[in-house]
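Every chain is numbered from 1, with letters handed out A, B, ... down the list of sequences.
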Amino acid sequence: MNMAESFISALQSVKANKMRSFLTMLGIIIGISSVITIVSIGQGGKEAIMGEFDNLGTNVINVNVKSLEGGIEDRDYLTLKDAQLVKDKIPEVVAVVPAAGAMGYMKTEKEKKFSEIDCITHEFNKLMKVEMLAGRFLSEGDVEAARNVIVIDEITAKKLFKGPEDAVGQRIKVTINDNNTNFTIIGVSENAGGSMAAMFGDNYPGTGYVPITIRERIMPNVQISLFSVLLENMDNANEVAAKIVRLLEQSHRNEGKYAAEEGFKELDMLNNVINIFTMVIGAIAGISLVVGGIGVMNIMLVSVTERTREIGIRKALGAKNKDILLQFLTESLILCLIGGIIGMSLGITLGIVVGKIINIPLRISPLVILLAVGFSSAVGIFFGLYPANKAAKLDPIEALRYE
Amino acid sequence: MIIRVENLTKVYDTGAIQVKALSNVSLSIERKEYVAIMGASGSGKSTLMNILGCLDRLTDGKYILDNVDVSTLSDNELAVIRNKKIGFVFQAFNLLPRLSALGNVELPMVYAGLSKSDRRQKAKAALEKVGLGDRMHHRPNELSGGQKQRVAIARALVNDPAIILADEPTGNLDTKSSEEIMNIFEGLNNEGVTIVMVTHERDIAQHTKRAVVFRDGEIISDKQIENRIIRGGSSK
Ligand SMILES: Nc1ncnc2c1ncn2[C@@H]1O[C@H](COP(=O)(O)OP(=O)(O)OP(=O)(O)O)[C@@H](O)[C@H]1O
Ligand SMILES: [Mg+2]
């Protein structure tokens, strides 16, 4: 009997006991569908959250001015010279972006928008991708010549002007602590706040990027407290971080004022939390799969007992042990496989529904199908083996005599 | 010589007691013979049939089937012998209830590894031979006792076995159906098929050519049948 035929014959005997087969499959269906629902939602949720951070570069060390011992004095703050120094002295460093930020207003004659104003350099978009909707980002020239130019974001452009295209080339006033400066808008970027900004709508603060070289003009009270340092790779990030801190301490003749850490540590942690969450719930779903498998084994044992006489007849007609083994193994495989396929459809449906409710885009990888088919086959074979072997080993005479 | 049994002994070991079902049985059966095995209940007839059919193993002695010493074969080899050389007909029919008549007759060929179309064709021919050409797609529960037994005979025949072993094939049948089965056997035997049949009934045995009588696991008589009943219809 070839594979296709034994499949068909197994299918027929599964069909002969529809209700029982269905109840047996139920464990597998629940197991597989919950595994798939959870994995899909977990994956989708993870990608949604990671998507928020998608624009972030990864090979970044952040150097902060720390206020632990004895407070921070003016001479401890970072300077543009420090930035140049770090870049020149440490070969692993690709770029240093000094940053200073303050909250304030961007104003036209008629409107104003509460915003964060970030003083940065043109290399900022090496740290995180800034998608431009219109115009351009800050250039090296803007920074070197300390021009009064600004890149605003979409919500600001919409609030103050007709939109991104309209905003470029217009002039605005930036007010920080009663300090007014006029700027020319050179570009409009996507909202820096990502989907958070979308969620809060108009009330979410806007963002404006200006060259760091005009910091003293627009926010004289705000010092540079952060360097984002881009490295070629993170292979020996800790050593490089220590080198940077030492260099800064030498230059400022102080100690214990700077902290350097990986830029996106929090991201890794979040990632780990989601992974652990998915794994734990996945394990619980896995247990239900095992319970389902035991159900299959139970029914297969019943089926072997019920069909003892059939086994005897088949053996009398020339079936070898392996033929009987294969027959029952195919049946439990089919049972689990059908359960797996139903479970998969149910899991995907459930994932879509739940994803809609909690507003997470579902991520169904083809791996999921492989997972469902693989897992249910494995369960079918594993838990079918014992009953099938029991059937195969029956003595033909005793099986024939069985009432 | 198709069957040669020498000093065959079969002991059932039930743990507490040992039952000697056959002791020192020697028997030879030639090709094309038609033998009735007779004897009281419990005399060892079925035990002998099971051993002849390679379903059970002997305790002591020798069994040569078609020039092969069967007592030394493995389980798998015995399965092949059952498949190729032996056709069983049981008192309780032993058809698989879920399969049609055709499906039941195909079964031995499934294990012989024949292709689907070959099986179909041969099973149809066998069913036609036993007069069930019009019942091929019926399930066992849609057939009468006699018809079921004819399906079983078709199934026993279909792999062209060296011998047909029938253990009380008419035990569950009325007189008319029994006669039909006997006619079929007689026809087959006339075509050269070797048949060994267990029966209680003298007039059933009367259809065969030779009667071997058992008592308490031993052969007490073995002789040719005189005054055989030969039905006109089937001995053509
Ligand atoms: N599996 C078994 N275990 C123990 N004893 C058995 C077994 N099978 C048969 N016997 C014993 O062996 C003896 C012969 O039994 P067997 O079935 O061969 O008789 P039989 O001639 O076929 O009888 P019947 O005409 O009633 O079918 C009996 O005493 C029986 O009790
Ligand atoms: Mg008997």
Side-chain angles (χ1 to χ4, degrees), chain A residues 1-21 300 302-331 334-335 388-403, chain B residues 10 12 14 21 46-47 49-51 53-57 73-100 103-117 119 139-140 152 154-159 161 165 167:
Chain A
M1 182 146 48
N2 64 35
M3 218 51 200
E5 275 181 60
S6 44
F7 256 69
I8 289 167
S9 124
L11 213 55
Q12 277 163 350
S13 79
V14 167
K15 241 171 67 185
N17 273 312
K18 281 197 196 70
M19 191 61 194
R20 186 163 98 181
S21 301
M300 288 313 294
V302 170
S303 173
V304 169
T305 308
E306 277 178 355
R307 286 154 71 188
T308 300
R309 208 183 169 91
E310 171 185 332
I311 294 163
I313 295 169
R314 287 180 183 270
K315 285 197 160 185
L317 299 179
K320 295 177 185 155
N321 289 3
K322 109 175 173 258
D323 295 319
I324 303 292
L325 183 94
L326 234 52
Q327 182 192 341
F328 282 88
L329 210 52
T330 313
E331 272 180 39
I334 290 262
L335 215 52
N389 196 41
K390 195 176 158 182
K393 289 226 171 99
L394 283 176
D395 181 69
I397 282 290
E398 272 162 33
L400 270 174
R401 219 180 258 142
Y402 185 85
E403 298 292 333
Chain B
K10 175 71 188 179
Y12 288 109
T14 59
S46 294
T47 304
M49 293 298 265
N50 291 339
I51 290 171
C54 299
L55 281 169
D56 210 351
R57 287 175 183 278
L73 297 183
S74 71
D75 283 354
N76 270 348
E77 288 167 324
L78 288 180
V80 174
I81 299 258
R82 288 197 293 270
N83 186 244
K84 299 240 187 309
K85 300 219 166 152
I86 293 170
F88 286 103
V89 178
F90 302 91
Q91 178 175 3
F93 318 127
N94 280 344
L95 301 177
L96 294 193
R98 273 213 309 277
L99 298 182
S100 66
N104 269 288
V105 177
E106 280 184 35
L107 218 47
M109 296 183 282
V110 167
Y111 295 118
L114 267 68
S115 77
K116 181 98 193 157
S117 58
R119 281 174 357 215
R139 297 226 179 151
R155 183 177 68 181
L157 277 175
V158 82
N159 269 354
L165 298 174
D167 194 345

**Complete:** Taken to the nearest 0.5 Å, the spacing of B/L96 CG from A/R309 CZ works out to 10.5 Å

**Complete:** The reported gap from CG in A/D323 to OH in B/Y111 (rounded to nearest 0.5 angstrom) is 6.0 Å

**Prompt:** Which value, rounded to the nearest 0.5 Å, describes the distance between B/D75 atom CG and A/K315 atom NZ?
**Reply:** 7.0 Å

**Message:** I need the minimum non-hydrogen distance between B/D56 and A/I397, along with the two atoms involved.
**Reply:** CB-CG1, 3.9 Å

**Prompt:** Which heavy-atom pair separates A/I313 from B/N94 by the least distance, and what is that distance?
**Reply:** CD1-O, 3.3 Å

**Prompt:** Checking heavy atoms, do the side chain of B/L95, its backbone, both or neither come under 4.5 Å from chain A?
**Reply:** backbone

**Fill in**
Scanning both residues in full, the closest heavy-atom pair of B/F90 with A/A316 reads CZ-CB, 4.2 Å

**From NZ (B/K116) to CD (A/E5), nearest 0.5 Å** = 5.5 Å

**Request:** Check B/A79 against A/A319 and note the closest heavy-atom contact, atom names and distance.
**Result:** CB-O, 3.8 Å

**Fill in**
Value for NZ (A/K320) from CZ (B/R82), rounded to nearest 0.5 Å, stands at 11.0 Å

**Asked** What residues, two or more places apart in sequence or in another chain, satisfy side-chain hydrogen bond (donor to acceptor under 3.5 Å, both in side chains) together with B/S74?
**Response** B/E77

